[in-house]
Number of protein chains: 2
Amino acid sequence: MSPDQLGVLIKETQAVLNQRMDEVLRPLGLSVSQYACLRNLHEEPGITGSELARRTFVSRQSMNVLVQGLERHGLVERAPEPGPRRERGAMLTHAATEILARADNAVSDVVGAMTEHLGQEQRNELHALLSACRDALARESSR
Amino acid sequence: MSPDQLGVLIKETQAVLNQRMDEVLRPLGLSVSQYACLRNLHEEPGITGSELARRTFVSRQSMNVLVQGLERHGLVERAPEPGPRRERGAMLTHAATEILARADNAVSDVVGAMTEHLGQEQRNELHALLSACRDALARESSR
DNA sequence: GACTTCATGTCAACAGTTTGACACACAATC
DNA sequence: GATTGTGTGTCAAACTGTTGACATGAAGTC
């Protein structure tokens with residue numbers, strides 16, 4: 001098997017996964033990007049917009065409009081006055097944590113269906129292999 | 001390990017892979033989307049724009065402007081008169097096959113670096129696991 | 001203290017993509 | 001043969017995301 005096929009395979013898997021997630025998140029009024037944003041803010045509250053952008057692989061400009069949208073919908077609140085480095089940390093509102101809980105369930109269903117036919121051992125193996133690929137690619141960038 | 005982590009891991013890996021591919025393809029004057037387009041046209045010449053769109057997970061409208069761009073750059077040629085179902089098959093020009101050969105080398109380097117530290121057995125394993133995930137998700141869509 | 005450097009937030013212009021709509025062309029069905 | 005259904009190509013509007021630029025605040029350096 002040519003290793004090049006792994007590239008398109010990763011893209012295909014991610015594309016289909018994204019489609020499924022969009023299908024289950026749309027009824028909740030969330031896009032996949034918005035869900036990723038809420039998820040990161042829940043794991044680490046008070047995080048800055050730029051940091052959020054890095055974690056979700058988008059520019060900080062587009063993350064800014066994304067957070068503004070969530071703010072308009074009353075899902076996040078940002079510190080009114082800037083902090084140390086002019087940064088304005090964002091926090092989830094109570095409404096957001098409720099929606100996020102339902103979104104998490106929906107996403108778990110999708111990912112669960114994806115790994116349905118895999119044993120625990122195989123899931124660990126997949127996790128290890130993908131991590132190795134990601135890290136190898138990340139190392140490649142700095143040299 | 002929670003299976004949910006596999007979702008973000010797939011996204012992370014695909015994102016970094018996309019970045020690396022963009023870095024090596026940009027000097028050749030190709031975007032990742034354009035490369036994918038040429039690659040598919042090389043494997044199956046005369047393919048239609050809509051089919052191309054399905055294989056690269058974009059709408060047929062955006063694939064249309066993409067192919068138009070490649071046509072302007074003299075990389076693809078489309079049948080002047082529509083075929084059976086109003087379809088206009090596209091073919092690669094000689095210049096395209098030359099650029100594609102160099103692009104393939106560049107991409108092989110990236111994917112090669114990604115799987116550098118993996119044995120042949122592990123690559124096969126990764127391929128099998130990812131295929132299973134993709135197919136499970138694809139099955140999920142139709143029910 | 002003045003200077004450079006770096007990170008954040010934000011504005012504006014731009015490119016790429018999607019959604020919705022329409023016009024065809026062919027196949028299938030009645 | 002008329003009708004319905006499906007697939008293709010294409011136009012226009014809307015959305016999402018990127019790039020470039022600027023102002024600001026904080027830290028380091030001379």
Side-chain angles (χ1 to χ4, degrees), chain A residues 11 14-16 18-23 25-26 29-38 40-41 44 46-73 76-91, chain B residues 11 14-16 18-23 25-27 29-38 40-41 44 46-73 76-91 142:
Chain A
K11 177 174 182 173
Q14 198 275 332
V16 187
N18 212 56
Q19 285 180 3
R20 293 298 152 270
M21 286 183 59
D22 183 88
E23 287 174 5
L25 288 177
R26 190 71 61 182
L30 289 179
S31 69
V32 179
S33 304
Q34 288 175 327
Y35 169 73
C37 185
L38 296 183
N40 278 290
L41 276 179
E44 201 157 330
I47 214 175
T48 174
S50 293
E51 179 61 26
L52 228 55
R54 273 188 294 270
R55 301 196 184 190
T56 53
F57 297 92
V58 297
S59 66
R60 63 184 195 275
Q61 291 90 330
S62 83
M63 178 52 70
N64 195 26
V65 313
L66 211 158
V67 172
Q68 283 177 1
L70 291 172
E71 214 172 359
R72 253 198 320 276
H73 285 71
V76 319
E77 290 174 349
R78 283 201 287 188
E81 59 263 24
R85 226 181 202 356
R86 198 196 175 141
E87 56 200 25
R88 299 174 56 195
M91 307 268 293
Chain B
K11 176 175 182 172
Q14 198 276 331
V16 188
N18 213 56
Q19 286 180 3
R20 294 297 151 268
M21 287 183 59
D22 183 88
E23 288 175 5
L25 289 176
R26 191 70 61 182
L30 290 179
S31 69
V32 179
S33 303
Q34 288 175 325
Y35 169 72
C37 185
L38 296 183
N40 279 290
L41 275 179
E44 201 157 330
I47 214 175
T48 173
S50 293
E51 180 59 26
L52 227 50
R54 273 188 293 271
R55 300 197 186 190
T56 54
F57 297 94
V58 297
S59 66
R60 65 184 194 276
Q61 290 90 332
S62 84
M63 178 53 71
N64 195 25
V65 312
L66 210 158
V67 171
Q68 283 177 1
L70 290 172
E71 214 172 0
R72 252 198 322 275
H73 285 70
V76 320
E77 289 175 351
R78 285 201 285 189
E81 58 263 25
R85 225 178 208 345
R86 196 192 176 145
E87 56 200 26
R88 299 173 57 195
M91 307 269 291
S142 50

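When reading the values below, keep in mind they use all heavy atoms of this one structure, side chains included, and skip hydrogens, waters and symmetry mates. Just so we're on the same page: letters track the sequence lines, and every chain starts at 1.
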Within a strict 4.5 Å, meaning less than it, do heavy atoms of the S33(B) and T56(B) side chains meet? no

Is there a side-chain contact between R54(B) and the phosphate of dG7(D), meaning an N or O under 4.0 Å from OP1 or OP2? no

When you measure from every atom of DNA chain C, which of residues 57-71 of chain A have a heavy atom less than 4.0 Å away? R60(A), Q61(A), N64(A)

With a 4.0 Å cut-off on heavy atoms, is S31(B) in touch with a base, just the backbone sugar-phosphate, or nothing at all? nothing

Apply side-chain hydrogen bond (donor to acceptor under 3.5 Å, both in side chains) to R86(B) and list each qualifying residue two or more places apart in sequence or on a separate chain. none

Can you measure Q34(A) atom CD to dC15(D) atom P for me and round it to whole angstrom units? 14 Å

For the student: nearest non-hydrogen atoms of C37(A) and M63(A), plus distance: SG-SD, 4.0 Å

Do you know the tightest heavy-atom contact between G29(B) and Q34(B)? O-OE1, 3.7 Å

Roughly how far, to the nearest 0.5 Å, is CZ of R26(A) from CE of M21(A)? 11.5 Å

Could you check if a side-chain atom of M91(B) sits within less than 4.5 angstrom of a side-chain atom of V76(B), using non-hydrogen atoms only? no

When the distance from CG of L52(B) to P of dT8(D) is rounded to whole Å, what number comes out? 12 Å

Relative to the 5' end of DNA chain C, which residue comes earlier, T48(A) or S33(B), by the nucleotide with the nearest heavy atom? T48(A)

Would a distance-only check, ignoring hydrogens and angles, find a side-chain to backbone donor-acceptor pair under 3.5 Å from R88(B) to A79(B)? yes

With a cut-off of less than 4.0 Å, is there a side-chain N or O of S50(B) near OP1 or OP2 of dG9(D)? yes

Nearest-Å distance, CG (N18(B)) to P (dG17(D))? 15 Å

Distance, nearest 0.5 Å, that separates CZ of R55(A) from CG of N40(A): 5.5 Å

Please find the earliest and latest nucleotides of DNA chain C, in the 5' to 3' direction, that have an atom within less than 4.0 Å of any heavy atom of chain A. dA7(C) to dC11(C)

